[in-house]
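So the structure is just underneath, and the comments pick up after that.
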Amino acid sequence: MTTTRTPEISRSAPRTASIDHDLATQLAVTEYHRGEQLLTQLSAEQWSAPTVNTGWDVRATAGHMVGMMEMMGSIAQLVRQQIAAQRAARSAGAPVSIDELTALQVRRNAGLTVDELIGKYRTLAPKAVRGRQRIPAVVRRRTLSERQLVNGRLERWTLGYLIDVVLTRDPFMHRLDIHAATGLAPQITGEHEGRIIDGVVHEWAERHGRPYTLHLTGPAGGHWSNGTGDPIRLDALDFCRVASGRPAVTPDVEPAGLLTTAVPF
């Protein structure tokens with residue numbers, strides 16, 4: 001007989017954004033632009049390349065990215081997608097989750113041609129930025145009703161953490177997924193990707209709470225430490241991949257020790 005362990009419920013305060021709202025908006029603008037640049041570079045064959053996300057090729061990944069921007073572009077779209085995801089979950093006899101929402105986004109954009117998909121991405125990006133930017137601080141401080149499963153524990157997030165942090169990490173990581181699937185070299189700078197990765201590192205360190213020494217290589221890398229933990233050295237992008245639960249692109253990089261601590265993307 002097998003048993004399923006019920007996830008522990010975190011009793012700590014809801015997780016909040018550790019980044020200024022204006023800076024978060026700047027990062028969102030750049031990240032959406034990076035994504036548009038990448039999609040316009042893809043060949044016909046590359047759109048069908050499989051990614052590390054089970055069942056998603058590059059085309060489906062882009063469909064999700066567009067769907068998420070559409071959701072954040074207006075309150076009406078946010079409500080419509082949430083209601084549709086709830087209905088789909090009920091029909092399947094499953095609890096409402098982020099998986100239901102993302103699957104819905106992929107399905108809704110599956111019938112678009114590549115040109116239509118890119119055009120929709122280009123149109124929605126500024127709307128998504130404005131939609132996220134305009135959410136007032138009093139609303140960003142509110143706690144989401146649905147708990148999120150991270151590191152085997154159900155935890156609470158504020159809306160601000162989702163809006164200012166996760167919704168930029170998500171397209172960033174999917175952009176890396178597409179680069180890994182197609183072999184195209186990513187555009188990486190310390191000013192943009194470095195800031196995202198710095199936030200990931202600090203949250204990772206806070207989540208495991210143990211001494212560490214971390215050296216990340218590449219243009220967006222750097223050195224972080226707290227105490228005298230065993231040194232960890234790897235590529236900065238691979239660090240994010242591993243923290244998100246994905247495999248590293250560099251051979252022989254296995255999650256072990258502190259690298260098993262997950263960070264939401």
query: What's the verdict on side chain to side chain contact (heavy atoms under 4.5 Å, CB included) for E203 and R169, showing C-alpha distance, side-chain angles and the deciding distance?
result: CA-CA 13 Å; E203 183 175 331; R169 287 180 186 168; 2.9 Å; yes
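- The closest side-chain heavy-atom distance from Q81 to L101 is below 4.5 Å.
- N151 meets the side chain to side chain contact (heavy atoms under 4.5 Å, CB included) test with R207, T261, A262; sequence neighbours excluded.
- By the neighbour-count criterion of 12 heavy atoms within 6.0 Å, atom NZ of K120 is densely surrounded, having more than that number from other residues, nucleotides or ligands.
- Contact record, G67 with N109: N-ND2, 3.6 Å, taken as the closest heavy-atom pair.
- Rounded to the nearest 0.5 Å, atoms OG1 (T40) and CG (D115) are 11.0 Å apart.
- Put simply, the side chain of F239 does not reach to within 4.5 Å of the side chain of I232, judged on heavy atoms.
- R246 has its side chain within reach of N53: a pair of non-hydrogen atoms, C-beta onward, lies under 4.5 Å apart.
- Using a 4.5 Å cut-off on side-chain heavy atoms (C-beta onward), V249 and D238 make contact.
- One finds the CD atom of E155 at 10.0 Å from the CZ atom of R147 (value rounded to the nearest 0.5 Å).
- D57 contributes atom CG, which lies 7.5 Å from atom OG1 of T51 (distance to the nearest 0.5 angstrom).
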- request: Mind running side chain to side chain contact (heavy atoms under 4.5 Å, CB included) on V150 and R15 for me, showing each step along the way?
  value: CA-CA 12 Å; V150 185; R15 186 163 293 274; over 6 Å; no
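- Between E70 and R108 there is no salt bridge, since none of the side-chain N atoms of the basic residue sits less than 4.0 Å from a carboxylate O of the acidic one.
- With hydrogens and angles ignored, the 3.5 Å screen pairs a side-chain donor or acceptor of R156 with a backbone N or O of S145.
- Side-chain atoms of H215 and P231, non-hydrogen and from C-beta on, never get closer than 4.5 Å to each other.
- Listed here is the closest heavy atom pair of D99 and T102: O-OG1, 3.1 Å.
- Annotation: H33, atom NE2; neighbour count of heavy atoms from other residues, nucleotides and ligands within 6.0 Å does not exceed 12.
- Across all non-hydrogen atoms, the minimal contact from A60 to V106 is O-CG2, 3.5 Å.
- Put simply, CD on E206 and CG on N226 are 11.5 Å apart, with the number rounded to the nearest 0.5 Å.
- Summarising the local packing, CG of D230 is surrounded by 12 or fewer heavy atoms from other residues, nucleotides or ligands at distances under 6.0 Å.
- When all heavy atoms of A17 and T158 are compared, the closest pair comes out as N-OG1, 4.3 Å.
- Side chain of Q46 to main chain of S43: a donor-acceptor pair is present (N/O by atom type, distance under 3.5 Å, no hydrogens or angles).
- Within the structure, ring pair (Phe, Tyr, Trp, His ring centres under 6.0 Å) pairs that include any residue of residues 134-189 comprise W56-H174, H64-H174, W157-Y161 (at least two apart or interchain).
- You'll find the side chain of L23 stays beyond 4.5 Å of the side chain of D164, heavy atoms only.
- Checking side-chain atoms of T30 against main-chain N and O of L27 turns up no donor-acceptor pair under 3.5 Å.
- Checking side-chain atoms of R122 against main-chain N and O of E36 turns up no donor-acceptor pair under 3.5 Å.
- In plain terms, the two heavy atoms of T217 and R233 that are nearest each other are CG2-NH2, 3.6 Å.
- No more than 12 heavy-atom neighbours from other residues, nucleotides or ligands sit within 6.0 angstrom of CD1 on I75.
- Of the inter-residue distances, the one linking M173 atom CE with T61 atom OG1 reads 12.5 Å to the nearest 0.5 angstrom.
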- request: Give the intermediate values and the outcome of side chain to side chain contact (heavy atoms under 4.5 Å, CB included) for residues L159 and L144.
  value: CA-CA 6 Å; L159 183 62; L144 298 175; 3.9 Å; yes
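- With hydrogens and angles ignored, the 3.5 Å screen pairs no side-chain donor or acceptor of W224 with any backbone N or O of L216.
- Heavy atoms of other residues, nucleotides or ligands lying less than 6.0 angstrom from CD of E191 number 12 at most.
- Minimum interatomic distance between V165 and S18 (heavy atoms only, all atoms of both residues): CG2-N, 4.5 Å.
- R241 and T250 form no side-chain donor-acceptor contact under 3.5 Å, judged by distance and modelled atom types alone.
- In terms of modelled atom types and a separation under 3.5 Å, the side chain of T25 and the main chain of H21 share a donor-acceptor contact.
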task: Please step through side-chain hydrogen bond (donor to acceptor under 3.5 Å, both in side chains) for the pair S74 and R80, ending with a clear verdict.
output: CA-CA 10 Å; S74 72; R80 288 188 191 119; 5.4 Å; no
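- No donor-acceptor distance shorter than 3.5 angstrom exists from the side chain of R132 to the backbone of M72, with no hydrogens or angles considered.
- In this structure, the separation between CZ on R175 and CD on E193 is 4.5 Å, given to the nearest 0.5 Å.
- Grouped by direct or indirect side-chain proximity (heavy atoms under 4.5 Å, Ile/Leu/Val/Met/Phe/Trp/Tyr only), V129 sits with V29, Y32, L38, L39, L42, W47, V58, M65, V66, M69, L112, V114, L117, I118, Y121, L124, I178, L184.
- At most 12 heavy atoms of other shown residues, nucleotides or ligands fall within 6.0 angstrom of atom CZ in R210.
- Remark: side-chain polar atoms of Q148 are paired, donor with acceptor, to backbone N or O of E146 under 3.5 angstrom.
- No path of Ile, Leu, Val, Met, Phe, Trp and Tyr side chains, each step under 4.5 Å between heavy atoms, connects L176 with V52, placing them in separate hydrophobic clusters.
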